[in-house]
Amino acid sequence: MTKTVRTNAFFPKRKARIHHPFVRNLIIYLLTFCLSVAFLRQAIPKVSQTTPYIPRISEKLAYFEQHKDEFEAVFIGSSRIYRQVSPEVFSREVETRLGQGIKSFNFGIPAMRMPETYFWLGKILSMKPKNLKWVFVEANLSNVDAPLANARTNRAIHWHTPASTLMTLKYILSRQEPPSEKASSAYSHLLPLFYNLLNLGGFSNEFDAFTNPARLQIDSVEKHDSLGNAVDGYRPLDEVSAEGPVNRRKVYLEQLDLYRESVSSFAAEPVETSPVATAGDKAFILNFSELISQANAAPIFVIPPRLAREGSLTSLYVEGQIETLLAFNNPSQYPTLFEPEYRFDENHLNAQGSEIFTSLLADHFVQSLNLLRSMP
């Protein structure tokens, strides 16, 4: 006899579930670990209220905090500020034109993009320097990506707070570029944010602060190389060639013909007459302007001598979103700044070129001051 198997049309036989206890337990463990670490990071007070030790930045922060009320101006940005703007020359040139110098400090840091610049500028202004009147910000909207190779460094993790990262992601999503590029850029910031939320290396930082509180004593900071010979934060690349950049210069000197060709091609390109700035560009620049204005200082955006148009910044200046923009990225207008004689490599000036650039910067600054004073 054939055995009949009855089935219920309304309740079909369900297939047995395949359970994976290891995968399930791993997910539970990871979620619990992440939530616990994030909770402890907020719940347990820190041993030190200072930032973790970050080369150059820590020394400059410590020095600025001790001398903050002496400075009337601050320069902040990447190595194009750090290696190319001399506060000593700037004060001398301003005094020549106005009869009175301006004491300033160079807070330039190598490879610092604008989102990171915004974060550290906030730290500087939170010290409430009494006599600060002007903040010179390197304007570079063409590259805000964070190098993935640095995602686990103290520097990258520390500045990728939820607020700073959210501001950066909003700007990335507003850019007119393929979704794949936006995703890649976003990931470069989400990864250090993840490490920040997990307080990666936090115990090590706190232990270091507890066991070595004198690490940044001001008497030793003033002698630190990052502050330069004049102890004003400026140090040209000529002085550090033995530390690594010498190889970069060697390649540059071997390819001078290519460099000259790049300058000629860039100078021959038609300058955009009506570049379009996105809403994201406006919001990003407005964040800087508001931050500086809240400190009762005036924002001055600077485009150093580099082969990049930065058309959106020009557009914002034309529209009145930027009150003062000092741009030196035009080889036709500033040929000396692009002469090989005055450059350390393709992207940076040497000490002699930096002095010329700083002098021009001071001249344009004085002109902008006179213009503002003449306005009703």
Side-chain angles (χ1 to χ4, degrees), residues 71-85 87 90 94 102 104-109 111-122 124-125 132-144 167-168 171 174-175 233-234 271-272 275-330 333-334 337 347 349 354 357-372 375:
F71 301 116
E72 297 173 89
V74 168
F75 300 92
I76 188 167
S78 70
S79 58
R80 294 185 181 91
I81 294 294
Y82 177 33
R83 306 298 191 186
Q84 299 184 162
V85 178
F90 184 81
V94 170
I102 291 176
S104 59
F105 184 72
N106 185 322
F107 204 90
I109 302 295
M112 189 154 70
R113 275 74 169 175
M114 284 197 78
E116 185 183 7
T117 298
Y118 181 85
F119 176 85
W120 292 113
L121 179 58
I124 291 172
L125 297 181
L132 187 65
K133 298 177 182 177
W134 301 279
V135 177
F136 294 76
V137 179
E138 180 189 3
N140 180 6
L141 292 177
S142 59
N143 184 9
V144 301
M167 183 190 77
T168 306
Y171 176 68
S174 73
R175 296 190 304 197
Y234 161 69
V271 179
E272 301 95 331
V276 177
T278 67
D281 294 330
K282 294 179 183 179
F284 203 68
I285 292 298
L286 184 61
N287 285 332
F288 275 93
S289 297
E290 289 182 345
L291 180 66
I292 297 168
S293 297
Q294 288 170 3
N296 297 317
I300 299 175
F301 295 94
V302 179
I303 303 178
R306 54 191 295 261
L307 300 179
R309 291 295 181 199
E310 295 293 350
S312 58
L313 289 165
T314 304
S315 176
L316 291 173
Y317 174 69
V318 172
E319 293 175 11
Q321 302 291 332
I322 294 177
E323 187 170 295
T324 306
L325 176 66
L326 307 181
F328 300 88
N329 58 333
N330 189 338
Q333 189 175 359
Y334 304 101
L337 296 177
N347 296 309
L349 298 164
S354 297
F357 171 50
T358 304
S359 179
L360 285 169
L361 185 63
D363 183 59
H364 284 60
F365 167 69
V366 171
Q367 290 182 34
S368 68
L369 280 183
N370 293 334
L371 179 62
L372 291 174
M375 294 175 64

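The structure displayed is predicted, hence computed values, not measured ones.
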Problem - Closest contact, heavy atoms only, Leu349 versus Pro305 - result: CD1-CG, 3.8 Å
Problem - Minimum heavy-atom distance Ser312-Ala277, with the two atoms named - result: O-CB, 3.6 Å
Hey, could you give me the [atom1]/[atom2] distance between [X] and [Y], rounded to the nearest 0.5 Å?
| X | Y | atom1 | atom2 | result |
| --- | --- | --- | --- | --- |
| Gln84 | Tyr234 | CD | OH | 8.5 Å |
| Leu361 | Leu326 | CG | CG | 6.0 Å |
| Asn330 | Arg309 | CG | CZ | 6.5 Å |
| Phe107 | Ile81 | CZ | CD1 | 13.0 Å |
| Ile76 | Leu125 | CD1 | CG | 8.0 Å |
| Gln367 | His364 | CD | NE2 | 5.5 Å |

Is any side-chain heavy atom of [X] less than 4.5 Å from a side-chain heavy atom of [Y]?
| X | Y | value |
| --- | --- | --- |
| Ile124 | Phe105 | no |
| Leu360 | Leu337 | yes |
| Arg175 | Val144 | yes |
| Phe301 | Leu313 | no |
| Tyr82 | Ile109 | no |

Handout entry: Residues in side chain to side chain donor-acceptor pair (under 3.5 Å) contact with Ser142, at least two apart in sequence or another chain
Key = Asn140, Glu310
Practice task
Could you tell me whether Tyr317 atom OH has more than 12 heavy atoms of other residues or ligands within 6.0 Å of it?
Solution key: no
Handout entry: salt bridge (Lys or Arg N to Asp or Glu O under 4.0 Å) contacts in which one or both residues fall within residues 286-300, not counting sequence neighbours
Key = none
Residues 282-289 side chain polar contacts: donor-acceptor under 3.5 Å, at least two apart:
residue	atom	partner	partner atom	Å
Asn287	ND2	Ala283	O	3.3
Ser289	OG	Ile285	O	3.3

Residues two or more places apart in sequence or in another chain: which of them pass side chain to side chain contact (heavy atoms under 4.5 Å, CB included) with [X]?
| X | result |
| --- | --- |
| Ser104 | Ala73, Phe75, Pro87, Phe90 |
| Asn296 | none |
| Ala297 | Leu132, Val135, Ile292 |

Side-chain donor or acceptor of [X] paired with backbone N/O of [Y] under 3.5 Å:
| X | Y | answer |
| --- | --- | --- |
| Asp281 | Thr278 | yes |
| Glu138 | Ser78 | yes |
| Tyr118 | Thr168 | no |

Practice task
Could you label the plane-to-plane angle of the Phe328 and Phe357 rings as parallel, tilted or perpendicular, counting under 30° as parallel and over 60° as perpendicular?
Solution key: perpendicular
Problem - Test side chain to side chain contact (heavy atoms under 4.5 Å, CB included) applied to Asn347 and Arg80, Arg306, Arg83, the passing residue - result: Arg80
Exercise for the section: Begin from the C-alpha positions of Trp134 and Thr324 and carry the test side-chain contact (heavy atoms from CB on, under 4.5 Å) through to its verdict. Expected result: CA-CA 11 Å; Trp134 301 279; Thr324 306; over 6 Å; no
